[in-house]
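All chains are named by letter (A, B, ...) in the order of the sequence lines, taking the proteins before the strands, and each is independently numbered beginning at 1. Side chains included, hydrogens not; waters and symmetry mates left out as well; all remaining heavy atoms used.
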Number of protein chains: 2
Amino acid sequence: MPVTIRDVARVTGVHVSTVSRTFSAPHQVNAETRHRVLAAAEELGYRPNRAARALITGRTHNIGLIVADIANPFFPPLIKAAESHARGRDYHVFVADTNEDASVEEELVLALAKQVDGILLCSPRMSNAQIEKLSRDVPLVIVNRPVPGLPAVVMDVGQGARLAVEHLVALGHHDIALLGGPRGSWTNREIRKSATLAARSLGAELTIFGPNPPTEDGGAAQLDAVLQAGVTAVLAYNDLMAVGLIDALDHHGVKVPDQISIVGIDDTALSRRTRPTLTTVATPTAAAGRAAVDMLLQHGDDRRTTALVTLQTELVIRDSSGPGPHSPAGPGGRLQPPHDGVAS
Amino acid sequence: MPVTIRDVARVTGVHVSTVSRTFSAPHQVNAETRHRVLAAAEELGYRPNRAARALITGRTHNIGLIVADIANPFFPPLIKAAESHARGRDYHVFVADTNEDASVEEELVLALAKQVDGILLCSPRMSNAQIEKLSRDVPLVIVNRPVPGLPAVVMDVGQGARLAVEHLVALGHHDIALLGGPRGSWTNREIRKSATLAARSLGAELTIFGPNPPTEDGGAAQLDAVLQAGVTAVLAYNDLMAVGLIDALDHHGVKVPDQISIVGIDDTALSRRTRPTLTTVATPTAAAGRAAVDMLLQHGDDRRTTALVTLQTELVIRDSSGPGPHSPAGPGGRLQPPHDGVAS
DNA sequence: CTGAAAGCGCTAACAC
DNA sequence: GTGTTAGCGCTTTCAG
């Protein structure tokens with residue numbers, strides 16, 4: 001049923017190796033022969049079997065992309081950027097979802113290993129040691145975590161967290177909560193570290209809650225803790241958690257940003273959808289996807305080039321952050337009017 | 001570098017076929033030999049090469065999943081459901097994104113064809129003829145479109161559209177607009193057909209705008225057309241377009257649902273995020289993903305079983321739909337209070 | 001420029 | 001129960 005190189009050879013009256021060359025090294029074959037082969041292939045509906053080819057060349061022209069959760073709006077832009085970038089270089093991208101589970105992650109890497117030329121491992125939950133071990137089976141590029149000795153692309157969320165804290169303190173907030181993300185996340189550690197440092201140097205008080213699942217429910221679940229802590233501002237591990245908390249606060253009758261300010265991280269499409277719109281740290285996800293593909297592909301050429309690419313982040317101020325009790329504009333005052341906020 | 005079956009055989013002192021059997025038919029090999037082989041394999045870090053295995057067995061234990069746009073919140077729940085369902089049956093899912101482009105779609109099917117045991121083609125933009133042709137290269141299950149002779153799973157959006165129109169008419173709307181979706185979409189045709197029929201039988205006036213790209217921008221772009229048409233209610237091809245239109249109306253100072261009612265389709269996570277929250281038709285996407293996997297896997301066993309699975313939809317009434325000019329509760333009246341709506 | 005032969009990593013009869 | 005032999009679809013020396 002499936003038409004092979006042999007069928008084309010028989011029909012054309014040439015040897016299989018000639019047919020093979022027609023596809024893998026066209027210029028090495030006589031123009032006329034080539035046309036006959038191509039015509040026969042076309043007619044028979046022949047398609048080279050990439051898997052069989054890979055068995056011998058060692059290159060599949062596929063790359064794997066493993067993410068923790070496809071439904072997290074953080075990932076789709078990264079995935080799409082990686083895909084279109086890879087397609088332009090004649091590579092296909094296979095995406096797989098781990099459900100935030102480290103063991104599924106390992107299983108997927110192993111399963112993909114022989115079917116791809118390399119894997120983009122995004123926001124891994126495994127330990128560095130596990131990752132290093134896996135990297136002996138298949139070229140890996142890590143996204144959202146620096147792993148010593150391996151190529152990685154990270155976004156400078158530490159800087160983003162610092163900007164967020166500075167923003168809140170400038171608005172007059174003194175007691176700030178940080179909603180931590182999942183255990184095992186480098187991003188999470190980075191955010192905690194930077195936020196703590198920034199708060200200390202600005203004389204603000206930072207209370208950390210977590211670890212938490214990086215979801216809306218994870219954010220909502222910290223409602224009571226946040227209220228009891230008596231903070232006037234919250235920085236969340238990501239937009240999803242920020243959104244979950246905003247909803248929970250809303251149901252509880254607490255006004256954002258009037259009674260409490262909320263800042264997210266990621267600047268997903270969601271952040272323009274919330275009510276009020278979300279102040280958040282923008283992470284360059286599309287650029288990260290493209291950079292990771294580039295590193296993987298060049299990594300193949302020169303295995304000794306292990307680099308760390310760091311992408312900058314920036315603070316996007318929207319309506320979920322407002323003046324705090326120590327506002328220079330006076331209590332309840334406003335440094336900047338909301339674009340679209342709830343009128344007071 | 002990569003350790004093969006042969007290395008294991010050499011170390012263990014048995015023939016390669018024994019090693020092979022240890023992995024593909026363990027009970028056919030002596031328990032003690034098996035343990036020795038397994039131990040050696042473990043020690044060497046041997047992993048069966050699935051691609052090589054597939055070359056001879058014809059089964060890759062992979063399934064492909066092609067969607068139009070990963071960033072469309074309609075798809076992630078379907079993808080995740082398909083993935084976890086497949087994993088439970090020892091299959092891996094490779095996801096690819098076509099960017100709503102029919103030619104990319106074809107290319108991806110062909111590229112995936114030999115690396116998977118079958119493909120779940122979601123919301124295809126290709127013609128039926130193209131799809132049938134491709135189905136000769138690889139088993140296909142179509143999602144969101146019935147293709148004669150091929151297994152497919154669809155959601156009854158026609159019924160959903162009818163429910164939506166009935167809902168709007170019951171609220172007192174008479175002039176309704178339908179924002180059509182993309183050309184080539186079966187779902188779009190179905191919605192148009194059912195909405196038209198429902199409107200006619202209820203004595204309402206339905207104006208159709210489109211085709212449109214199924215995105216927020218696509219919805220926003222129809223703002224002027226909708227306003228000029230003087231309709232009091234709009235049914236959109238999907239939630240994304242509905243949301244885009246709601247935003248555009250908001251910027252234009254038009255109140256939803258007071259001045260115009262909006263109904264979406266899909267019940268994505270987005271629909272609880274809009275302001276006001278979105279009345280929409282819920283489509284069982286997770287169930288569709290699982291059903292499609294089941295069909296693909298059983299389809300392999302019995303090629304003659306080509307079936308069409310139709311999943312029911314239902315109307316979820318939220319706050320973006322309100323009484324129209326012919327409301328039984330009187331003009332401007334309210335049949336049901338909003339859960340969370342804008343106070344008038 | 002083209003044919004012959006070997007072999008990628010693995011499985012599947014078939015013997016022993 | 002295990003070794004032998006062939007071969008999946010393709011590329012790649014090496015001759016000619």
Side-chain angles (χ1 to χ4, degrees), chain A residues 1-38 40-41 44-62 90 110-117 137-138, chain B residues 1-38 40-41 44-62 90 110-117 137-138:
Chain A
M1 185 65 198
V3 32
T4 82
I5 206 177
R6 234 181 294 279
D7 300 316
V8 179
R10 187 163 4 88
V11 169
T12 323
V14 298
H15 198 265
V16 288
S17 51
T18 304
V19 178
S20 173
R21 274 188 283 261
T22 306
F23 288 95
S24 45
H27 54 276
Q28 282 186 37
V29 45
N30 180 358
E32 201 233 310
T33 322
R34 185 172 58 226
H35 287 129
R36 279 179 33 231
V37 170
L38 255 18
L44 294 176
Y46 167 74
R47 293 266 146 195
N49 183 330
R50 304 185 115 199
R53 174 182 294 178
L55 197 54
I56 185 158
T57 62
R59 333 216 79 237
T60 62
H61 269 248
N62 292 148
D90 195 27
L110 258 14
L112 249 53
K114 298 296 197 334
Q115 326 200 36
V116 299
D117 294 340
D137 283 331
V138 55
Chain B
M1 185 69 197
V3 32
T4 81
I5 206 176
R6 233 179 296 277
D7 301 316
V8 179
R10 186 161 8 86
V11 168
T12 322
V14 298
H15 198 266
V16 289
S17 53
T18 304
V19 179
S20 172
R21 274 188 284 261
T22 306
F23 290 94
S24 44
H27 54 276
Q28 283 186 38
V29 45
N30 180 357
E32 201 233 310
T33 323
R34 184 171 60 224
H35 287 130
R36 278 175 39 228
V37 170
L38 255 18
L44 295 176
Y46 167 75
R47 293 266 147 195
N49 182 329
R50 304 185 115 199
R53 173 183 293 177
L55 199 54
I56 184 158
T57 62
R59 335 217 78 237
T60 62
H61 269 248
N62 292 147
D90 195 26
L110 258 15
L112 247 51
K114 299 297 197 335
Q115 326 200 36
V116 299
D117 294 340
D137 282 331
V138 54

Query raised in the report: Between B:T4 and B:N49, is any pair of side-chain heavy atoms under 4.5 Å apart?
Result: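 Heavy-atom side-chain distance check fails, nothing below 4.5 Å.
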
Report task. Check whether any side-chain heavy atom of A:N62 sits under 4.5 Å from a side-chain heavy atom of A:L112, and report yes or no. Result -> no

Query - A:A52 vs B:V14, nearer the 5' end of DNA chain D by closest nucleotide - result: B:V14

**Report entry** Nucleic acid contacts of residues 4-13 of chain A, taken as heavy-atom distances under 4.0 Å to DNA chain C
**Finding:**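 Close to the strand, none.
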
Query raised in the report: Given the rule that a pair is Watson-Crick or G-U wobble with both distances under 3.5 Å, how would you write DNA chain C in dot-bracket, using | for pairs to a different strand?
Result: |||||||||||.||||

I'd like a table of atom pairs between the protein and nucleotides 12-16 of chain D - only N or O on both sides, under 3.5 Å - with the distance next to each one.
none

Roughly, in whole Å, what's the span from [atom1] in [X] to [atom2] in [N]?
| X | N | atom1 | atom2 | answer |
| --- | --- | --- | --- | --- |
| B:R59 | C:dA12 | CZ | P | 12 Å |
| A:R34 | C:dT2 | CZ | C1' | 14 Å |
| A:H61 | D:dC10 | NE2 | P | 16 Å |
| B:N49 | D:dG9 | CG | P | 16 Å |
| A:R36 | C:dC1 | CZ | P | 15 Å |
| B:R53 | C:dT11 | CZ | P | 4 Å |
| B:L55 | D:dC10 | CG | P | 9 Å |
| A:F23 | D:dG9 | CZ | C1' | 13 Å |

Just to be sure I understand the rule, does [X] reach a base, reach only the sugar-phosphate, or reach nothing, if contact means heavy atoms closer than 4.0 Å?
| X | answer |
| --- | --- |
| A:Y46 | sugar-phosphate |
| A:R50 | nothing |
| B:V19 | nothing |

What pair of heavy atoms forms the shortest contact from [X] to [Y], and how long is it?
| X | Y | value |
| --- | --- | --- |
| B:T60 | B:A54 | CG2-CB, 3.6 Å |
| B:Y46 | B:V3 | CD1-O, 3.4 Å |
| B:A40 | B:V8 | CB-CG1, 4.2 Å |
| B:A52 | A:L55 | CB-CD1, 3.8 Å |

Query raised in the report: How far does the P atom of C:dG9 sit from the matching atom of D:dT2, given to the nearest Å?
Result: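 These two P atoms come out 24 Å apart once rounded.
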
Requested in this report: Report the residues that fulfil side chain to side chain donor-acceptor pair (under 3.5 Å) with A:D7, sequence neighbours left out, ordered by chain and then residue number.
Outcome: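 Scan of A:D7 (side chain to side chain donor-acceptor pair (under 3.5 Å), adjacent residues dropped) gives A:R10.
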
Query raised in the report: What pairs with A:H15 under side chain to side chain donor-acceptor pair (under 3.5 Å), at least two apart in sequence or on another chain?
Result: A:S17

All N/O donor-acceptor pairs, side-chain side in residues 25-38 of chain A, below 3.5 Å, sequence neighbours left out:
{"residue": "A:N30", "atom": "OD1", "partner": "A:E32", "partner atom": "N", "Å": "3.2"}
{"residue": "A:R34", "atom": "NH1", "partner": "A:P26", "partner atom": "O", "Å": "2.8"}
{"residue": "A:R34", "atom": "NH1", "partner": "A:V29", "partner atom": "O", "Å": "3.3"}
{"residue": "A:H35", "atom": "ND1", "partner": "A:A31", "partner atom": "O", "Å": "3.0"}
{"residue": "A:R36", "atom": "NH2", "partner": "A:T12", "partner atom": "O", "Å": "2.7"}

**Report entry** Donor-acceptor under 3.5 Å (A:S20 side chain, A:V16 main chain)
**Finding:**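 Here the side-chain-to-backbone pair does not exist.
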
Query - Nucleotide nearest A:N30 when distance is taken to its side chain, options D:dG9, C:dT2, C:dC10 - result: C:dT2

Report task. Find the distance between CZ (B:R47) and CG (A:D137) and round it off to the nearest 0.5 Å. Result ->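 The CG atom of A:D137 is 7.5 Å from CZ of B:R47, to the nearest 0.5 Å.
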
